[in-house]
Q: 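Pasting in a structure now, in structure tokens, and then I'll have a few things to ask.
Keep in mind the model is a prediction, meaning the values are calculated, not measured.
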2 protein chains.
Amino acid sequence: MKVKLEDVAKRAEVSPTTVSRVLNNRGYISEQTRKKVEKAIEELNYYPNDIARSLFKKRTNFIGLVLPTINNPFFSELALYIENICSDLGYKVILCNSLMQIDKEKAYARMLIGHQVDGIIVCTYNRGVEAYKNPKLPIVAIDHYLSPTIPVVGSDNYAGGRMAVQHLIDQGCRSIIHINGPIELETPTQMRRKAYEDLIDNPITYELINLFDEEYTAVSIRQILKKHPETDGIFASDDLIAATCLKVANELNIQVPDQLKIVGYDGTETVLRLLPQLTTIKQPIQEIAKTSVSKLMNLIENPDCDEALETFLPIELVINETT
Amino acid sequence: MKVKLEDVAKRAEVSPTTVSRVLNNRGYISEQTRKKVEKAIEELNYYPNDIARSLFKKRTNFIGLVLPTINNPFFSELALYIENICSDLGYKVILCNSLMQIDKEKAYARMLIGHQVDGIIVCTYNRGVEAYKNPKLPIVAIDHYLSPTIPVVGSDNYAGGRMAVQHLIDQGCRSIIHINGPIELETPTQMRRKAYEDLIDNPITYELINLFDEEYTAVSIRQILKKHPETDGIFASDDLIAATCLKVANELNIQVPDQLKIVGYDGTETVLRLLPQLTTIKQPIQEIAKTSVSKLMNLIENPDCDEALETFLPIELVINETT
DNA sequence: GTGAAAGCGCTAACAT
DNA sequence: ATGTTAGCGCTTTCAC
């Protein structure tokens, strides 16, 4: 059997309450009693049971982190920062990879609620998860709209889009195309597309239905480049798409940046390390993490506080050899 | 207040026991009663409280996943698979980024034990975390030795190292150097180094003290290449190091693969997508995840079962343009 | 086939 | 400054 508070109490010859007091630094305890209790804890190698504590306190110090897949440089960098900040604040993070499947996401939502998480940070694109509609549950979304009352945090997608496209124009591109994810997703990242379309006279935007399948992405880009041989600039809505553009251009013997210039979006550490040639719009991932967590904590501490519904953080153009 | 089992019972006009029976499909319930209860659950939008359940059952269905940083293609791919498999088995994953700091890791261990996790998968390099010594707690390690009794899962590092070096030799390299992490880490990945040293007459092995600092890595590699201008082959112990080698070679106008050939290790999806030129040893990450989880589940179900202490899964050479 | 009652390990009134 | 007691929400013997 695991050693429990009662065992510590017996060994220290005090009541369970006293042990609890020592554990939580609450109320008055004489120095002597505290010593005795600490000694017993040490000797018995006692670890307080957080499950019992949570049951009583109705607070678990758990938060759920729901994302499409952690195996993606943007989400893994985000997750690192989020987890780190939470850990410093005494919160634990439950990782959920929805794989863009609505059923999985619903199951995760049920699980998180059942486990009494104190809040959820959601970075997925699935709408229609009823559980998120529960107004009692603190939720913050990153880069997409879940419901009218859930705060959204992200980068300034419109400014980022403009910056990317303007840079291509400044570099002399005349035929710029844009490659993005599914247009029906209700995410502020659609503003990247909007910026492109606002800046270009005859916009040519392509949608990749499945953002996480590289082979499909490569095939699509090959077709696009063959259909539009005049293309001399691509604004890709994320760095992975940009990387595939670069790869396909290499295969087709299109010289980058001489014949074709490419700008991506995200600017994660991983991408900048593996593909240092890539020009991209760098998101303030650490700031996004900080802001999301602090909003969530606010919502948890103060359920009916008014958090700003949308927060867009500044981006930065990182110029490298693909432009 | 949250709706609880008792509320459901009242509404369905049955006892709490009966509701519990319906919830858990245990014992005999008449079809009619079940219907009533299910209706009440539906109407009240009831979610069973897993915390209370766990307290009673002494099983939380939580596992801890401790890694240096999720913001790394190898660990994020591993984490994706591990989380997915666990989720299918009804287990939830608590993410812990130790950042290679022993204090953080100790704090995580305490936290995980306090939270009554059913088991832990550890992929970090820190020894001396006392909490892991608790023989009652099921633990599986990936790619390093934690204690004599904790099973280790990884790729066949020796075979992988041989394959990488032999490939360089076959491609005509005469001056092959090896770049690896700190030599004092007690991990089976040291076998990559051993394979290199077994195959090469005058081995030149460099240690990078901090594997997660790119700037330091780049500076070190620059020095190494300047000191050994005759180098025509590099076996890097992971793909991120290999990527930095490639970058530095580009800066120094060393032609890859003509003047210098590079082989990495890991072969993650992310690296192969962002840096498709890289020749590398591909680890069976999904198999590593499956094996680790299944060993852990075994240990959980059957605390004194004899799991094989070391499992090394087969690797594969992926030849691309850097060799 | 269903219910009453005890208890999982902890905390917080309330008493002393 | 310390102890007694009830109860967090659930499950499970043990009755009926």
Q: Side chains of A:Ser20 and A:Thr17: donor-acceptor distance under 3.5 Å anywhere?
A: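 The answer is no; no qualifying pair exists.
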Q: Please report the C-alpha distance between B:Lys10 and B:Glu43 in whole Å, then the side-chain angles of each, then the deciding distance to 0.1 Å, and finally whether the salt bridge (charged side-chain N to carboxylate O under 4.0 Å, His left out) criterion is met.
A: CA-CA 13 Å; B:Lys10 281 198 183 116; B:Glu43 285 168 359; over 6 Å; no
Q: Between A:His115 and B:His115, how do the two ring planes meet: parallel, tilted or perpendicular, split at 30° and 60°?
A: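 Because their plane-to-plane angle lies in the 30° to 60° range, the rings of A:His115 and B:His115 count as tilted.
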Q: Calculate the interatomic distance between A:Ile29 atom CD1 and D:dG3 atom P; express it in whole Å.
A: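 Nearest whole value for this atom pair: 12 Å.
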Q: Expressed in angstrom and rounded to an integer, what is the separation of A:Asp7 atom CG from C:dC8 atom C1'?
A: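 Value for this atom pair: 13 Å.
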Q: Base, sugar-phosphate, or nothing: which does A:Lys2 touch, judged by heavy atoms less than 4.0 Å apart?
A: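 The residue A:Lys2 makes no contact with any strand.
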Q: In whole angstrom, give the distance that lies between atom CZ of A:Phe56 and atom C1' of D:dT5.
A: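 Checked: the CZ to C1' distance equals 12 Å.
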Q: Between the base of D:dG3 and the side chain of A:Arg21, is there any donor-acceptor pair under 3.5 Å?
A: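 Side chain to base: pair found, below 3.5 Å.
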Q: Does OP1 or OP2 of C:dT2 have a side-chain N or O of B:Thr33 closer than 4.0 Å?
A: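 It does, given that an N or O in the side chain of B:Thr33 lies less than 4.0 Å from OP1 or OP2 of C:dT2.
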Q: Round to a whole Å and report the spacing from CG of A:Leu44 to P of C:dG9.
A: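 Going from CG in A:Leu44 over to P in C:dG9 covers 15 Å.
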Q: Please check the phosphate of C:dT11 (OP1 and OP2 only) for any side-chain N or O of A:Lys58 closer than 4.0 Å.
A: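 Indeed not, no polar side-chain atom of A:Lys58 lies that close.
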Q: Examine D:dT11: is either OP1 or OP2 under 4.0 Å from a nitrogen or oxygen in the side chain of B:Asn24? Give yes or no.
A: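 Indeed, a polar side-chain atom of B:Asn24 lies that close.
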Q: Would you mind reading off the distance between A:Leu23 atom CG and C:dG9 atom C1', rounded to a whole angstrom?
A: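 For the pair A:Leu23 CG and C:dG9 C1', the rounded distance is 12 Å.
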Q: For a 4.5 angstrom cut-off between non-hydrogen side-chain atoms, does A:Val140 reach A:Ile150?
A: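 No, their side chains stay 4.5 Å or more apart.
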Q: C:dG3, OP1 or OP2 - any side-chain N/O from B:Thr18 closer than 4.0 Å?
A: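 Yes.
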Q: Return whichever of A:Lys57 or B:Ser30 has its heavy-atom-nearest nucleotide of DNA chain C closer to the 5' end.
A: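 Looking at DNA chain C, the more 5' nearest nucleotide goes with B:Ser30.
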Q: Can you tell me the distance, in whole Å, between the NZ atom of A:Lys4 and the P atom of C:dC10?
A: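 Going from NZ in A:Lys4 over to P in C:dC10 covers 8 Å.
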Q: Less than 4.0 angstrom between a side-chain N/O of B:Tyr46 and OP1 or OP2 of D:dC10, yes or no?
A: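 So the side-chain polar atoms of B:Tyr46 do come within 4.0 Å of the phosphate oxygens OP1 or OP2 of D:dC10, strictly under.
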Q: Calculate the interatomic distance between B:Asn49 atom CG and D:dG7 atom C1'; express it in whole Å.
A: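 In whole Å, D:dG7 C1' and B:Asn49 CG are 14 Å from each other.
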Q: Using a cut-off of less than 4.0 Å, is there contact between a side-chain N or O of A:Arg26 and OP1 or OP2 of C:dT11?
A: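 For C:dT11, OP1/OP2 do not have a side-chain N/O of A:Arg26 under 4.0 Å.
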Q: Quick one: which of C:dG1, C:dC10, D:dG9 gets closest to the side chain of B:Tyr28?
A: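 Nearest nucleotide to the side chain: C:dG1.
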Q: Under 3.5 Å, is there an N or O donor on one side and an acceptor on the other linking the side chain of A:Thr17 and the base of D:dT4?
A: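 Such a pair exists between side chain and base.
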Q: Specify the residue among A:Arg34 and B:Ile51 whose closest nucleotide of DNA chain D lies further upstream toward the 5′ end.
A: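 Of the two residues, A:Arg34 wins.
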Q: Take atom CZ of B:Arg34 as the centre, draw a 6.0 Å sphere, and report whether it contains more than 12 heavy atoms from other residues, nucleotides or ligands.
A: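 Enclosed.
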Q: How many whole angstroms separate atom CG of A:Leu55 from atom P of C:dA12?
A: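 Distance, rounded to whole Å: 13 Å.
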